[in-house]
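Read through the structure below, which is laid out as structure tokens, and then see the notes.
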2 protein chains.
Amino acid sequence: MARKTGSHSEITGPKVREAALSLFAQHGFAAVSMRQIAAEVGVQAGALYLYTKDKQSLLYDLMQAHMDELLAAWRDEPKGNDALSRLEAFARFHIRFHLERPDAVFIAYMELRNLSDENFANVETLRRRYESELEAILRAGQAEGVITAPDVRLTTMALIAMLTGVNTWYREGGRLSRDAVADIYWDMVRGAVGA
Amino acid sequence: MARKTGSHSEITGPKVREAALSLFAQHGFAAVSMRQIAAEVGVQAGALYLYTKDKQSLLYDLMQAHMDELLAAWRDEPKGNDALSRLEAFARFHIRFHLERPDAVFIAYMELRNLSDENFANVETLRRRYESELEAILRAGQAEGVITAPDVRLTTMALIAMLTGVNTWYREGGRLSRDAVADIYWDMVRGAVGA
DNA sequence: GTCTATATGCTGATAGAC
DNA sequence: GTCTATCAGCATATAGAC
């Protein structure tokens, strides 16, 4: 049965990652100390090293987990067959997924330069894999003749920047619901690709 | 005439700001030490405090100067009279101005959380002033009946995010010239607002 | 105007007691 | 599994010599 002292590894591990996520998003990776993370979890600084090799791994694990979840969630998202309904599915999915985890999104964009070279390359690979999902939809749309994109790669980057931008201003309980925002953004996406 | 030793304040001051700009953009404000900045300038750390009150002021001065330049440059930019040509002028201006100073743009977006409360509020005021320039154009376009924007504030944020996003992928000497990029983005902006 | 030297405090990470 | 204690190093900022 339950032990009285010490062993909380199944609880403490996730708590460490949650605390790091929140603190990194608020103050930035470089500005957060291991002691701050430990205090947030309710342990001493030394105890963190039972759950992470070092501070760098803590950051990398958060970013990799985020990108893995993103790719898996899009893989499992219901999508239509034609390019236009796939594009709509992507736009709505991207907004929803990103609004659901603002801290992880913020870190994934802001802390890339604090990754080691190897870790950076791995995260970049995952990011490009996600971008290429949208790119493929746009190419299909062009082949079907339902959209206009003079440069698919460039349109991909423009649309992702526009959609991700929602995170910078959206506030829960604000003027517009998430669905209302997604409706308007989908209209703008459609217009931007001439559909 | 020219003194032999010491007095280089007219040179060193700007050099300090240039070095800080470059290093903050590369590694992040919190990760850069005053010693690193001093080394880049070619002086000892203590000498920096002749040119800045402290590290925080160094960051704030860079961001404020950037926003001031942005607003002044847009004010002086030639613009048409009708809303549609003003919108085109804004889109092309925004891309050009931001591509010309990637480091300052990067810092202005990434280091907001490292500003003191008061400094943050000041920078935010300037940023909103710039956003409201685009907002006014969109409202005029609606009044003229040449664009469709179900929510002007939201469209403002979407367009700015899309346009600023160019900085994340554009590389000098790449596949497309700045003008070619601006042409394509202007098409997307026009489509997004149904013009 | 710039230097050296220094005060004071926090950093990441480890060793060993319990 | 967590704690305390500690190491070695670097941080910002200042004081005073030149």
Side-chain angles (χ1 to χ4, degrees), chain A residues 1-24 26-63 107 111 113-119, chain B residues 1-21 23-24 26-62 107 111 113-119:
Chain A
M1 325 310 182
R3 277 177 287 174
K4 277 279 169 58
T5 62
S7 60
H8 300 99
S9 76
E10 292 133 27
I11 299 178
T12 307
K15 274 176 76 174
V16 168
R17 283 184 288 279
E18 279 165 39
L21 186 79
S22 163
L23 287 169
F24 289 167
Q26 239 181 303
H27 308 291
F29 174 76
V32 172
S33 71
M34 295 298 270
R35 280 168 179 78
Q36 278 177 273
I37 299 171
E40 182 86 7
V41 174
V43 298
Q44 293 299 313
L48 294 180
Y49 292 88
L50 296 166
Y51 305 99
T52 182
K53 191 175 141 293
D54 53 21
K55 201 185 169 192
Q56 166 73 207
S57 302
L58 200 44
L59 176 62
Y60 175 62
D61 288 348
L62 291 174
M63 293 181 63
I107 291 172
E111 303 297 354
R113 62 188 166 184
N114 285 309
L115 289 174
S116 70
D117 289 350
E118 189 189 343
N119 290 343
Chain B
M1 331 307 187
R3 278 176 288 175
K4 276 280 171 51
T5 60
S7 60
H8 300 98
S9 77
E10 292 134 28
I11 299 178
T12 308
K15 274 176 75 175
V16 167
R17 283 185 287 279
E18 280 166 40
L21 187 79
L23 287 169
F24 289 167
Q26 239 181 304
H27 308 290
F29 173 76
V32 172
S33 71
M34 295 298 269
R35 281 170 179 79
Q36 278 177 274
I37 298 171
E40 182 86 7
V41 173
V43 297
Q44 294 298 314
L48 295 179
Y49 292 87
L50 295 166
Y51 305 99
T52 182
K53 193 175 139 295
D54 53 20
K55 199 186 170 192
Q56 165 73 206
S57 302
L58 200 43
L59 175 62
Y60 174 64
D61 289 348
L62 291 174
I107 290 172
E111 304 296 355
R113 62 188 165 184
N114 285 309
L115 290 174
S116 70
D117 289 351
E118 188 189 344
N119 289 344

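So that the names make sense, note that chain A is the first sequence line, chain B the second, and so on, each numbered from 1. What's counted below: heavy atoms across the whole structure, side chains too, no hydrogens, waters or symmetry copies.
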Counting primed atoms, P, OP1 and OP2 as sugar-phosphate and everything else as base, the B/S/- map of nucleotides 13-18 of chain C against protein heavy atoms under 4.0 Å is BB----
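- Residues passing the side chain to side chain contact (heavy atoms under 4.5 Å, CB included) test with A:Q44: none are found, sequence neighbours excluded.
- Of the inter-residue distances, the one linking B:L21 atom CG with B:I107 atom CD1 reads 4.5 Å to the nearest 0.5 angstrom.
- Under the side chain to side chain contact (heavy atoms under 4.5 Å, CB included) criterion, B:A31 pairs with A:A30, B:H27, not counting sequence neighbours.
- Phosphate proximity of C:dT4 to B:Q44: present, with a side-chain N or O under 4.0 Å from OP1 or OP2.
- Under the salt bridge (charged side-chain N to carboxylate O under 4.0 Å, His left out) criterion, A:R113 pairs with B:E111, sequence neighbours left out.
- Using a 4.0 Å heavy-atom cutoff across all strands shown, A:V41 reaches no nucleic acid atom at all.
- In this structure, A:K15 atom NZ and D:dG1 atom P are separated by 15 Å, rounded to whole Å.
- Applying the side chain to side chain contact (heavy atoms under 4.5 Å, CB included) criterion to A:Q56, with sequence neighbours excluded, gives A:D54, A:L115, A:S116, A:N119.
- A close approach under 4.0 Å does occur between a side-chain nitrogen or oxygen of A:T12 and OP1 or OP2 of D:dT2.
- For the pair A:L48 CG and D:dT4 C1', the interatomic distance rounds to 15 Å; values are reported in whole Å.
- Comparing C:dT2, D:dA11, D:dG1 by their closest approach to the side chain of B:A47 singles out C:dT2.
- Between the CD1 atom of B:I11 and the C1' atom of C:dT2 there is a distance of 14 Å, rounded to whole Å.
- The nearest whole Å value for the distance from the NE2 atom in A:H27 to the C1' atom in C:dT11 is 16 Å.
- One finds no side-chain N or O of B:S33 lying less than 4.0 angstrom from the OP1 or OP2 phosphate oxygen of D:dC10.
- Checked by atom type and distance alone, the side chain of B:E40 never pairs as donor or acceptor with a backbone atom of B:I37 at under 3.5 Å.
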